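Notes to accompany the following structure.
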Amino acid sequence: MKKLISAVLSGVMLASVFLCGCNTMPGEPEATETETTAEATAVETEPEPPHIDVDRYNRIKGFYSFKLPEGGNSIQLYDDSIGGGCTYSIYEDQIYFGYTSYRNESSLTLRIDPLSDVANVEFELIYGDTRYYGMNSGDSIPLDGFETFIDAVIEKDESAVRIYDDTAWEANKDNIRKDLPIVYARLIKFSNAAFEQLGFGFEELGIPFGDKYRSVDPSQFTSQEIDIKNECRFVNGVCEDCGKHWADYYYEAVGKLGYIDTNSKWCSVYGQRSASMFDPSDYVQYSSYGPGSCDIYYQHTIMKDPNSTMAGQHTENCTLHISQNKKKISSYFVFNYEQGMHSVGDGIVGSKFIYQLTVEAKDGDYSKIFESKETLKKNAELCLFVMGDEGSGYDVWFNKKDEDIKKLFDEIPFTTFYTKDEFIDMVWNDYQRMFESMDKGMIWMKTSLADAGIKWKNED
């Protein structure tokens, strides 16, 4: 019996050695109670706050400089499942990263300071003529404070949110609580794709967005957005099931998404921007003067003056005109290059020189015309208009020699004379991106140029 008790006591003593002095190596003094308590307290302290990975930040700066379009200041990100897009830029060691919806109803922008590991956030939600707009209160928030800030905006917590305009709040508070998480979820999704070529995103850079809103589907529509339904199967401009004309569908879709003048029936809307565009400032616009009439316009602006004056602005644009009468669709494509921008009246500006190329594809197949430079030149009508101050112009290619035309350009700063062959080269180099931008811009109208019977590239 004494042996049994002795064995049990030995076991208790052994256990107490391991429990109280588990970190004590043979030959070392055992930790005192005070030291053990200090160790436990150290374990329970809060984790170190997030900070920017300096090495990755430097890699991003190099990547940003490499990817930045000439004359641009931001990189754009797009996703076919999400309306609108994100931009990011680096200016004076600040990272700007923001999402804006397709029709600018919603925006959320972060300004991140990598040197001090803090950020500022600005939000805007527009409902008709009212909006809910503001930013974080105080000078900044920590890098792991975005999720908490979204919570505060949703609850209109003015201790954490500086509100500049709350005219939308009372009538739309329930919508705001639904819409802002969607906008934030979209920002998170784009953040993961921002630097895909570098193998990481914003979160790997050191910016945690939290887990609360990750279950929100970023592709769902907010209460501000219009989900167009297209149940037609268009073949060469006519629905196989109901016989509806594509031009009529186009007119209805533009009217629902954009602005419509009830008196003139004219309607217009800007399209979805895409990676096909030359520059983030480019845009595509869809308009119609009534059923059966469709104009699709793309514009790209180029600054030739380092001081960004109006005189140095060149505009490269094109318009695809489509009309439909009964079942017959006709179209023609106009490409313009404009330079010598100047004032022609009160608040009105115009270009001194306008290069213009016009082609018509009677069957809608522009891929035949753009099969080669030779076929393009053969089918194109070329003009070079010199515009007068009164707004009218004349085609100098009709009756002047190149050397005489060039003298006109020499008199106007930031302008360049191009021969017909050089102008053809310009169109040839850029037409595909313009057609693709016009095509992709209709994604939220739930249609495409193919539905209208327009073919612009060879399907190999």
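None of these values were measured; they are calculated from a predicted model. Throughout, residue positions are numbered sequentially from 1 according to the sequence presented.
- Remark: Lys377 engages Asp421 in a salt bridge, criterion side-chain N to carboxylate O under 4.0 Å.
- A salt bridge is defined here as a Lys NZ or Arg NE, NH1 or NH2 lying under 4.0 Å from an Asp or Glu carboxylate O, and Glu240 with Arg233 meets this definition.
- Using a cut-off of 4.0 Å between Lys/Arg side-chain N and Asp/Glu carboxylate O, Asp363 and Lys368 are scored as salt-bridged.
- In this pair, Tyr297 and Tyr283 present their aromatic rings tilted. The plane angle is within the 30 to 60° band.
- Note: Phe335 and Tyr431 fail the aromatic proximity criterion, with ring centroids not under 6.0 Å apart.
- Here the side chains of Cys294 and Ser323 are not in contact, with every heavy-atom distance at 4.5 Å or above.
- Between Tyr132 and Asn175, the side chains place no donor N or O within less than 3.5 Å of an acceptor N or O (distance only, hydrogens not considered).
- In this structure, Asp129 places its CG atom where only 12 or fewer heavy-atom neighbours from other residues, nucleotides or ligands lie under 6.0 Å away.
- Side-chain contact, Asp117 with His51: no donor N or O sits under 3.5 Å from an acceptor N or O.
- Considering Tyr418, Phe417, Phe414 as possible partners of Phe409, the one that fulfils the ring pair (Phe, Tyr, Trp, His ring centres under 6.0 Å) test is Phe417.
- Taken to the nearest 0.5 Å, the OG atom of Ser81 stands 9.0 Å off from the CZ atom of Arg186.
- With rounding to the nearest 0.5 Å, the separation of CD in Gln324 from OH in Tyr251 is 15.0 Å.
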- Message: Please evaluate residues Tyr366 and Phe435 with respect to the criterion ring-ring contact (aromatic ring centres under 6.0 Å, His included), reporting the C-alpha separation (whole Å), side-chain torsions for both, the decisive distance (0.1 Å), and the verdict.
- Response: CA-CA 10 Å; Tyr366 288 89; Phe435 263 109; 5.8 Å; yes
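- A donor-acceptor contact closer than 3.5 angstrom links the side chains of Thr447 and Trp246.
- In this model, a donor atom of one side chain and an acceptor atom of the other lie less than 3.5 Å apart for Gln285 and Ser268.
- Taking every heavy atom of both residues into account, Ser437 and Val284 meet most closely at O-CG1, 4.2 Å.
- For the 3.5 Å distance criterion, the side chains of Thr100 and Asn104 fail to qualify, holding no donor opposite an acceptor.
- There is no side-chain donor-acceptor pair under 3.5 Å between Asp402 and Thr419.
- Salt bridge absent: Glu422 and Lys406 never bring a charged side-chain N and a carboxylate O closer than 4.0 Å.
- No cation-pi contact links Arg214 to Phe209, judged by a cut-off of 6.0 Å to the six-membered ring centre and 45° from its axis.
- How far CG of Asp305 is from NE2 of His314: 9.5 Å, rounded to the nearest 0.5 Å.
- Between Thr301 and Ser281, the side chains place no donor N or O within less than 3.5 Å of an acceptor N or O (distance only, hydrogens not considered).
- Remark: the Asp282 side chain and the Tyr298 side chain contain an N/O donor-acceptor pair separated by less than 3.5 Å.
- Between the Gln94 side chain and the Tyr91 main chain, no donor and acceptor come within less than 3.5 Å of each other.
- Under the 30°/60° scheme for interplanar angles, the aromatic rings of Phe370 and Phe333 are found to stand perpendicular.
- For the pair Leu110/Leu187, a side-chain contact is recorded, criterion being any heavy-atom separation below 4.5 Å from C-beta on.
- Nearest approach of Lys189 to Pro218, heavy atoms of both residues: CD-CG, 3.9 Å.
- No hydrogens or angles considered: nothing links the side chains of Thr315 and Asn317 as a donor-acceptor pair under 3.5 Å.
- At least one donor-acceptor pair under 3.5 Å links the side chain of Arg433 to the backbone N or O of Met277.
- Below 30°, between 30° and 60°, or above 60°: for Tyr88 and Phe202 the angle between ring planes is above 60°, a perpendicular geometry.
- Side-chain contact of Ser219 with Asp217: a donor-acceptor pair under 3.5 Å is present, judged by distance alone.
- Counting non-hydrogen atoms of neighbouring residues, nucleotides and ligands closer than 6.0 angstrom, the CD atom of Glu231 reaches no more than 12 such neighbours.
- In this structure, the ring of Tyr249 has its center less than 6.0 angstrom from the ring center of Phe234.
- Both tests hold for Arg56 against Phe200: distance to the six-membered ring centre under 6.0 Å, angle to the ring axis within 45°.
- Between the side chain of Tyr102 and the backbone N or O of Ile82 there is no donor-acceptor pair closer than 3.5 Å.
- Other residues, nucleotides and ligands contribute only 12 or fewer heavy atoms inside 6.0 Å of the CG atom of Asp139.
- Counting non-hydrogen atoms of neighbouring residues, nucleotides and ligands closer than 6.0 angstrom, the OH atom of Tyr289 reaches no more than 12 such neighbours.
- Using a 4.0 Å cut-off between a side-chain N of Lys or Arg and a carboxylate O of Asp or Glu, Glu252 and Lys244 qualify as a salt bridge.
- Note on ring orientation: taking the six-membered ring where Trp is involved, the planes of Phe423 and Trp397 are tilted (angle from 30° to 60°).
- Contact of the Ile354 side chain with the Tyr337 side chain is not registered, since no non-hydrogen atoms from C-beta on lie closer than 4.5 Å.
- One finds the CG atom of Asp295 at 11.5 Å from the OG atom of Ser331 (value rounded to the nearest 0.5 Å).
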- Derivation and outcome, side-chain hydrogen bond (donor to acceptor under 3.5 Å, both in side chains), residues Asn73 and Ser89: CA-CA 7 Å; Asn73 57 16; Ser89 60; over 6 Å; no
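- Remark: the Thr222 side chain and the Glu105 side chain contain no N/O donor-acceptor pair separated by less than 3.5 Å.
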